[in-house]
Protein chains: 2
Amino acid sequence: MQTNSALARELSRHYLFCALTHVQQEQLLASAVSRQLAPGERLFSHGERAGQFFMVRSGCVKLYRLSAEGHEKIMRLVRPSQTFAESILFMDVPQYPVHGEGVEAAELIAFDRETFLAILRESFPTCLAVLAQMTRRIQVHWDEIETLALQNSRYRVVHYLLGLLDRTAQGRVSVTLPARKMVIAAHLAVTPETLSRTLRSLSDEGLIESTGDEVTIVDVEKLRRHMH
Amino acid sequence: MQTNSALARELSRHYLFCALTHVQQEQLLASAVSRQLAPGERLFSHGERAGQFFMVRSGCVKLYRLSAEGHEKIMRLVRPSQTFAESILFMDVPQYPVHGEGVEAAELIAFDRETFLAILRESFPTCLAVLAQMTRRIQVHWDEIETLALQNSRYRVVHYLLGLLDRTAQGRVSVTLPARKMVIAAHLAVTPETLSRTLRSLSDEGLIESTGDEVTIVDVEKLRRHMH
DNA sequence: CGTGAGCCTTGATGAGCATCAAGCGGGCCG
DNA sequence: CGGCCCGCTTGATGCTCATCAAGGCTCACG
């Protein structure tokens, strides 16, 4: 892959790569491959042998699983400057644990597993960075398991809306839904119908105003209280 | 904590500690504390400041969260020779992400966070071991999220029963449930009533035979097929 | 400008599971 | 031995959410 300075700067800002030396970065990029992904195009399949992990430069990728009946649960929506599938680095038999597919047209960088592992062996700070990142992911998983097991669909929708906001947001705030509603529904483990009805009932109660992919939260504090 | 050779041997068999030098092991144990835990006794609370992670030597500990209504979801049941709460090692602000409580009377070792981190800095193989372990945990989380989002309670119960078996088990096999049914139910995110009814209906269909905490799977292959 | 496809919404219905309530049975202690 | 507590089971009921079906809106394309 062609090294270019914009990319190098982007890498340096990422937790996984920021502790690498200049030489290590170049080694890594030399083994990396750029990749375009169309909407709906499959990047990898659950169980497929894995030799690369990825970074999103533009667009959006979904990581998901399917039930036997073809129902889809999106485990994660990956956005620009985020990496995914790093966990294949440390498997004895590296296999992608989910399906990966483009949601919007996306531009990716594919990093080589073996190359990164070799570099890791010589960069203890990077090792720690990976550990910290995996810890954060595990936190997210705990939270997701909790909401799936203990909370109803209404809670999940409200929680999702609040999650789109700044932590510091107050009063009346607008957000744009970051994907089609079908996608968001599959992420929240509800049907599109239920998502639609939930947004409607929140509107009817005066908690939000919703038109298309714009949602205005009338009163953030009130909505936050509403969850408990 | 008193160093003793049985304990040292137990440690050496554990993935987290097996790559440590003799000296490192002694450092770690010097800062470790033994701890007894009664059934129902709280070890730590969700959000509590965390300075230690743990190993179970005997008994059973549950890691769980509670909903606002007091419903309990057990995230993990920890058994002898397993460690837990390692993820607090790499948090900026170390806080336990779940409640921890004794299920059966338990004997624990509490390891000091700072001491282990210092040792980690000098043991790259241990670093890799931690990464591999966290990767395995993440796999389990994916699977759990999938079953919660995409599968019904019957599936989860059957899946749990099959998970108690050897991977190689065939034909007619008996297992002893490893905890009270209330506990298993809270682990599977169903009510005790639903667990009871599910086992009954599996019995009625001739797939299992169930008396007390003994469950006999009449035909493992048939039950495995039954799930899909 | 009309047509069709895909996404979203809305309504009617039903399945699955929690809830509430009652009864059973085993183990522990007086 | 008798009584009680607790865990488990079973039944009756209702809520939540998925399913199925239909209609509207938007946008791309002829």
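Just so we're on the same page: letters track the sequence lines, and every chain starts at 1. Basis for what follows: all heavy atoms, side chains included, without hydrogens, waters or symmetry-related copies.
The separation between A/R180 atom CZ and D/dC27 atom C1' is 14 Å, rounded to whole Å. Rounded to a whole Å, the CD atom of B/E69 is 9 Å from the P atom of C/dT19. For the pair A/E72 CD and D/dA18 P, the interatomic distance rounds to 15 Å; values are reported in whole Å. In this structure, CG of A/L188 is placed 12 Å from P of D/dC17, rounded to the nearest angstrom. Rounded to whole Å, atom P of D/dA18 lies 12 Å from atom NZ of A/K73. Protein atom CE of B/M182 is 11 Å distant from nucleotide atom P of D/dC6, rounded to whole Å.
When the shell of 6.0 Å around NE2 of A/H14 is examined, it contains more than 12 heavy atoms from other residues, nucleotides or ligands. Open room surrounds CG on B/D92; 12 or fewer heavy atoms of other groups in view lie less than 6.0 Å from it.
For A/H71 and D/dT19, the shortest distance from a side-chain N or O to OP1 or OP2 is below 4.0 Å.
Remark: the backbone N or O of B/T211 is not paired with any side-chain donor or acceptor of B/E214 at under 3.5 angstrom.
No side-chain N or O of A/R136 forms a donor-acceptor pair with one of A/Q139 less than 3.5 Å apart.
When side chains are defined from C-beta on, B/I184 counts as touching B/P178, because their heavy atoms get closer than 4.5 Å.
Residue-level contact check: A/A189 touches the backbone only, with heavy atoms under 4.0 Å from sugar-phosphate atoms and none from bases.
Side-chain rings of A/Y96 and A/F44 approach one another, their centers coming within less than 6.0 Å.
Look at B/R35 and B/E41 and you find a salt bridge, because one of the NZ, NE, NH1 or NH2 atoms lies within 4.0 Å of a carboxylate O, short of that distance.
Minimum heavy-atom separation, B/R79 to B/A179: NH2-CB, 4.2 Å.
Using a 4.0 Å cutoff on non-hydrogen atoms, the parts of residues 190-215 of chain B near DNA chain C are B/V190, B/T191, B/E193, B/T194, B/R197, ordered by number. Only A/N152, A/S153, listed by number, bring a heavy atom of residues 141-154 of chain A to less than 4.0 angstrom from any atom of DNA chain D.
Relative ring orientation between A/F116 and A/F17 is described as perpendicular, the plane-to-plane angle rising above 60° on a 0-90° scale split at 30° and 60°.
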